[in-house]
Amino acid sequence: MDSKLVIGNWKMNGRTAANQALVAGMLADADINRAGVGIAAPDIYLSQLATMLQGSQIAVAAQDASRFAADGAFTGETSAAMLADIGCRYVLVGHSERRQYFAEDNAALSAKLQAVVAAGMVPVLCVGETLAQREAGQVEAVIGQQLEALAAINGQHYVVAYEPVWAIGTGKVATIEQIDEVHKQIRAVVLQCYGASDSIRVLYGGSVKADNADAILSLASVGGALVGGASLEVNGFGKICQAAKKLI
Ligand SMILES: O=C[C@H](O)COP(=O)(O)O
């Protein structure tokens, strides 16, 4: 039986010296330095991260991959093959911040998912509704539409992360009931439509902190956590990883 998966997403944060100190602290923490934990750094720092994590059990993750699979004239892009080349194991796809700022639609996300799987990595498809969509009673429809990108990798190995946009970076974490309801919906849809197995992990993300991680990760429907702000500090991240040691 595996522990619940925790991926720390640094987002657009980091500098070489600070990364060195942060990762050294994580490697020294047995709750973090174990299978079932990953760190997603900005592309520019992934080689530094991979070097520091070499020989440890912590997985290297990327925050995105190009929708273009083949090398070529795509200035500024990082291909899935390049991410695999430096040792990435997971790749976030369709994070709400990328959907918001870079207009990533299901067509682009489908190409990204296919490129990540073709390169031998595990995509983490991020889905989640805005507050306006929740208040309009559109959660099920929005999540269902976002999950349709998985048709491109039907039956392959992937992870889904549910991140209510209104809970990201706000400190306003979704209630246990809200999390459980959407996670059960996602599991039902991917099992029915997208070739997932019972081992599919659905991570929760959105203001996960040391003081709420235990309650969230105790839910059977929650297969782990996608952690933003709290992943930039060793002690808090370590407490979240400790809570995730529950068997699934
Ligand atoms: O990728 C992480 C999620 O966006 C959650 O971020 P947060 O933990 O800072 O709310």
Side-chain angles (χ1 to χ4, degrees), residues 4-14 18-19 22 26 31-32 36-43 45-46 49 58-65 83 88-102 104 109 112-113 116 121-131 133-134 139 142-143 146 149 158-176 178-179 182-183 186 201-217 219 222-244:
K4 297 198 173 184
L5 175 63
V6 177
I7 296 177
N9 176 13
W10 291 358
K11 303 191 178 182
M12 192 171 83
N13 292 293
N19 300 345
L22 178 58
M26 290 184 173
D31 287 325
I32 303 174
V37 175
I39 299 172
D43 284 1
Y45 294 125
L46 283 174
L49 182 64
I58 302 175
V60 179
Q63 298 177 15
D64 181 42
L83 296 171
C88 283
R89 179 171 179 194
Y90 297 99
V91 180
L92 305 184
V93 174
H95 190 283
S96 63
E97 290 150 7
R98 295 204 56 82
R99 293 173 189 262
Q100 177 183 1
Y101 298 122
F102 305 102
E104 293 190 346
L109 298 177
K112 289 170 182 269
L113 290 167
V116 170
M121 298 177 289
V122 179
V124 180
L125 177 66
C126 302
V127 299
E129 80 285 357
T130 64
L131 186 58
Q133 289 167 335
R134 173 165 283 274
V139 175
V142 167
I143 302 294
Q146 292 175 336
Y158 58 79
V159 173
V160 177
Y162 169 54
E163 300 202 308
V165 178
W166 46 272
I168 296 175
T170 61
K172 184 180 177 189
V173 65
T175 66
I176 292 300
Q178 289 171 329
I179 297 171
V182 177
H183 276 236
I186 291 170
R201 291 176 188 278
V202 184
L203 313 182
Y204 170 77
S207 294
V208 176
K209 307 295 183 191
D211 62 2
N212 60 32
D214 203 58
I216 294 168
L217 291 163
L219 283 170
V222 173
L226 183 52
V227 182
S231 70
L232 296 170
E233 185 271 320
V234 176
N235 293 332
F237 190 58
K239 289 189 172 58
I240 295 168
C241 293
Q242 184 182 52

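In listed order, ligands and their atoms are each counted from 1. This structure is a prediction, so every number in the text was calculated from the model and none was measured.
The closest heavy-atom contact to atom 1 (O) of ligand 1, among the options Leu203, Asn9, Thr170, comes from Asn9.
For the pair Glu163/Asn9, no side-chain contact is recorded, criterion being any heavy-atom separation below 4.5 Å from C-beta on. Taking 4.5 Å as the limit, some side-chain heavy atom of Trp10 sits within range of a side-chain heavy atom of Leu22.
Annotation: atom 6 (O) of ligand 1 to nearest protein heavy atom, Lys11 NZ, 3.2 Å. Residue, atom and distance of the protein heavy atom nearest to atom 8 (O) of ligand 1 are Gly228 N, 2.9 Å. Remark: minimum distance from atom 2 (C) of ligand 1 to any protein heavy atom is reached at Glu163 OE2, 3.2 Å.
Annotation for ligand 1: atoms under 4.0 Å from non-hydrogen atoms of Leu226 are 1 (O), 2 (C). Atom numbering of ligand 1 starts at 1 in the shown order; those under 4.0 Å from a heavy atom of Ile168 are 4 (O), 6 (O), 10 (O). Residue contact check: Gly206 has heavy atoms under 4.0 Å from atoms 5 (C), 10 (O) of ligand 1. Residue-ligand proximity, Gly229 to ligand 1, at heavy-atom distances under 4.0 Å covers atoms 7 (P), 8 (O), 9 (O). For ligand 1 and His95, the ligand atoms under 4.0 Å from any heavy atom of the residue are 1 (O), 2 (C), 3 (C), 4 (O).
For Arg98, the CZ atom counts as densely surrounded, since its 6.0 Å shell holds more than 12 non-hydrogen atoms of other residues, nucleotides or ligands.
Residues forming a salt bridge (charged side-chain N to carboxylate O under 4.0 Å, His left out) with Lys239 (at least two apart in sequence, or on another chain): none.
Note on ring orientation: taking the six-membered ring where Trp is involved, the planes of His183 and Tyr162 are perpendicular (angle over 60°, cut-offs 30° and 60°).
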Step-by-step side chain to side chain contact (heavy atoms under 4.5 Å, CB included) determination, His95 to Asp64: CA-CA 8 Å; His95 190 283; Asp64 181 42; over 6 Å; no
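The CG atom of Leu92 lies 10.0 Å from the CG atom of Leu125; values are rounded to the nearest 0.5 Å.
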